[in-house]
Student: 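Have a look at this one.
Below, all heavy atoms of this structure are taken into account, side chains as well, without hydrogens, waters or symmetry copies. Owing to the predicted nature of the structure, the values given are computational and were not obtained by experimental measurement. Whatever order the structure lists them in is the order used to number ligands and atoms, beginning at 1.
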Amino acid sequence: MLPSDKALVPFLSVDHMMQLVHRLGLDTVLTGLAAAIEEDFRRWNRFDKTARVAAHSPVGVIELMPAADEAHYAFKYVNGHPGNTRDGLQTVTAFGVLADMATGYPLLLSEMTLLTALRTAAMSAVATRHLAPAGAHVLAMIGNGAQSEFQCRALQALCGITHVRLYDTDAAATAKCAANLAQSGLVISTHGTPEAAIEGAQILTTCTADKRQARVLTDNMVGSGVHINAIGGDCPGKTELAEGLLHRADIFVEYPPQTRVEGEIQQLAADHPVTELWQVIAGTAPGRRDDRQITLFDGVGFAIEDFSALRYVHDQVRATGLGQKLDLLADPDDPRDLYGMLLRAAPNPA
Ligand code: NAD
């Protein structure tokens, strides 16, 4: 028996996600994702929010990230395994579901490895747009792995970045990133130390992967009047910035109960003052106050960003018809006759 259309769940594969980005254009997708995130951050109090549920091992973490509003529920499955690249595997992979609150039925099952890179980049751009000094156009990109080009392109599309200064402990990662951005219109330079990379940059983004308390940026490296996106420190015991630098910065976070455990601020006292970024976006808290201030977006990645991303992609799937239909949900003619459906599916005796 074939399932009816109401039981078939749209599925967006990695290949379809790539087709979607090429059909719409990367800038359009990044701009659309940023708009969806801002829209959802502005209605923050309407969401059912949960710090993500994590299973840790010595080499990495697997997490579930749920969020819901009145109409939709979403979750993402995501891992973070910094050693994976040694075996030819991604550090971060993900997939997720958007579901209908009214019936509980899934509306979309999607790859989210690419979508996480896109939404994380869009999120950095949203934070940068609200916090960076006026006229900022030079980005230092520290950590040139899978996320890095997306970060650069989002800041180009949404924040007017023209120059990118690259640094990674692995020169091959920097060469890959520079080659990938060669046709982007950005002026790219590569550097052998983090100190050289951040020289003259008004925006510093760290997006490194190392499961330890790293000191990618130390206090004496960073002058006043810059904005920092610290993206790679997103787990207990996994940070990127020296504590002294945190004390000089005004710190902006997504969801404090999660960031206090996972973000750079895990190094600080539990009551260290932070501003929730949604309040800046909603206009109820100030962002940057003056040119000398160091602003820090301590980004760990929060479930509402994935909710926004899935909501955006669901709209695009409906508009473009991309994706395939999965026979994921049982669909007996009589909803209470699940067993009868199984019986009737028995193969005929030969
Ligand atoms: P990746 O493994 O592809 O790249 C990480 C890069 O960091 C590598 O090229 C590595 O050589 C480099 N690196 C490690 N230590 C460094 C150091 N001290 N200085 C400079 N470079 C260094 O990983 P990815 O997929 O690009 O992810 C990067 C980080 O971002 C990971 O830690 C991941 O968990 C995190 N992440 C955060 C979010 C979020 O929402 N905040 C989302 C996705 C990924």
Side-chain angles (χ1 to χ4, degrees), residues 33 37 52 54 56 59-63 65 76 78-94 96 112-127 140-152 154 165-178 180 190-198 204-218 221 228-242 252-255 258-259 262-265 277 296-309:
L33 288 169
I37 290 170
R52 62 185 157 202
H56 296 280
V59 292
V61 64
I62 295 177
E63 297 161 330
M65 302 174 66
K76 180 169 83 172
V78 62
N79 77 302
H81 285 69
N84 267 5
T85 51
R86 283 194 300 272
D87 302 319
L89 302 173
Q90 296 286 120
T91 296
V92 175
T93 60
M112 290 191 78
T113 305
L114 277 164
L115 189 56
T116 292
L118 292 161
R119 79 84 160 119
T120 304
M123 186 66 228
S124 290
V126 166
M141 184 70 226
I142 313 291
N144 303 153
Q147 311 296 317
S148 60
E149 297 92 342
F150 297 89
Q151 292 282 325
C152 298
R165 302 170 67 83
L166 299 175
Y167 169 72
D168 193 293
T169 43
D170 180 351
T174 302
K176 176 260 336 176
C177 186
N180 280 340
T190 63
H191 302 274
T193 63
E195 288 87 344
I198 68 177
L204 320 178
T205 296
T206 55
C207 195
T208 66
D210 202 352
K211 204 166 164 41
R212 67 189 176 96
Q213 292 216 298
R215 298 282 179 269
V216 176
L217 296 180
T218 58
M221 279 187 206
I228 305 171
N229 297 305
I231 304 303
D234 56 358
C235 238
K238 177 167 171 265
T239 54
E240 296 181 302
L241 306 184
F252 298 80
V253 303
E254 291 139 316
Y255 183 55
Q258 185 179 312
T259 312
E262 299 182 351
E264 297 303 322
I265 59 170
L277 191 62
L296 165 62
F297 171 50
D298 186 2
V300 293
F302 184 53
I304 290 179
E305 294 146 40
D306 298 309
F307 178 104
S308 312

Student: Does some side-chain heavy atom of Glu240 sit less than 4.5 Å from a side-chain heavy atom of Leu217?
Tutor: no
Student: Is the shortest distance from a Lys or Arg side-chain nitrogen in Lys76 or Glu63 to a carboxylate oxygen in the other one below 4.0 Å?
Tutor: no
Student: Which residue holds the protein heavy atom closest to atom 4 (O) of ligand 1, what is that atom called, and what is the gap in Å?
Tutor: Gly145 CA, 3.2 Å
Student: Do the non-hydrogen side-chain atoms of Lys238 and Val61 ever get within less than 4.5 Å of each other?
Tutor: no
Student: Do any nitrogen or oxygen atoms of Gly232 come within less than 3.5 Å of a nitrogen or oxygen of ligand 1?
Tutor: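 So ligand 1 has an N or O lying under 3.5 Å from an N or O of Gly232.
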Student: When you check the side-chain N and O atoms of Thr93 and Asn79, is any donor under 3.5 Å from an acceptor?
Tutor: yes
Student: Which protein heavy atom lies closest to atom 13 (N) of ligand 1, and at what distance to 0.1 Å?
Tutor: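 Atom 13 (N) of ligand 1 sits closest to the protein heavy atom Thr169 OG1, 3.5 Å.
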Student: Check ligand 1 against Asp170 and write out every atom of the ligand that is under 4.0 Å from a heavy-atom position of the residue.
Tutor: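 Contacts of ligand 1 toward Asp170, numbered from 1: 11 (O).
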Student: Please step through side chain to side chain contact (heavy atoms under 4.5 Å, CB included) for the pair Ile198 and Ile142, ending with a clear verdict.
Tutor: CA-CA 9 Å; Ile198 68 177; Ile142 313 291; 4.1 Å; yes
Student: Mind checking whether Arg212 has an N or O less than 3.5 Å away from an N or O of ligand 1?
Tutor: no
Student: Could you tell me if Gln151 and Gln147 have a donor-acceptor pair between their side chains, going purely by distance under 3.5 Å?
Tutor: no
Student: Considering only non-hydrogen protein atoms, determine which one is nearest to atom 10 (C) of ligand 1 and report residue, atom name and distance to 0.1 Å.
Tutor: Asp168 OD1, 3.4 Å
Student: For atom 32 (O) of ligand 1, tell me which residue out of Lys238, Lys211, Arg119 has the closest non-hydrogen atom.
Tutor: Lys238
Student: Any heavy atom of Phe302 closer to ligand 1 than 4.0 angstrom?
Tutor: no
Student: State, with a plain yes or no, whether a side-chain heavy atom of Phe297 is found less than 4.5 Å away from one of Glu254.
Tutor: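 The answer is yes, as the side chains (C-beta and beyond) meet within the 4.5 Å cut-off.
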Student: Can you report which non-hydrogen protein atom sits closest to atom 31 (C) of ligand 1, along with the distance?
Tutor: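 Protein heavy atom with the smallest distance to atom 31 (C) of ligand 1: Thr208 O, 3.6 Å.
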Student: Does at least one non-hydrogen atom of Glu240 fall below 4.0 angstrom from an atom of ligand 1?
Tutor: no
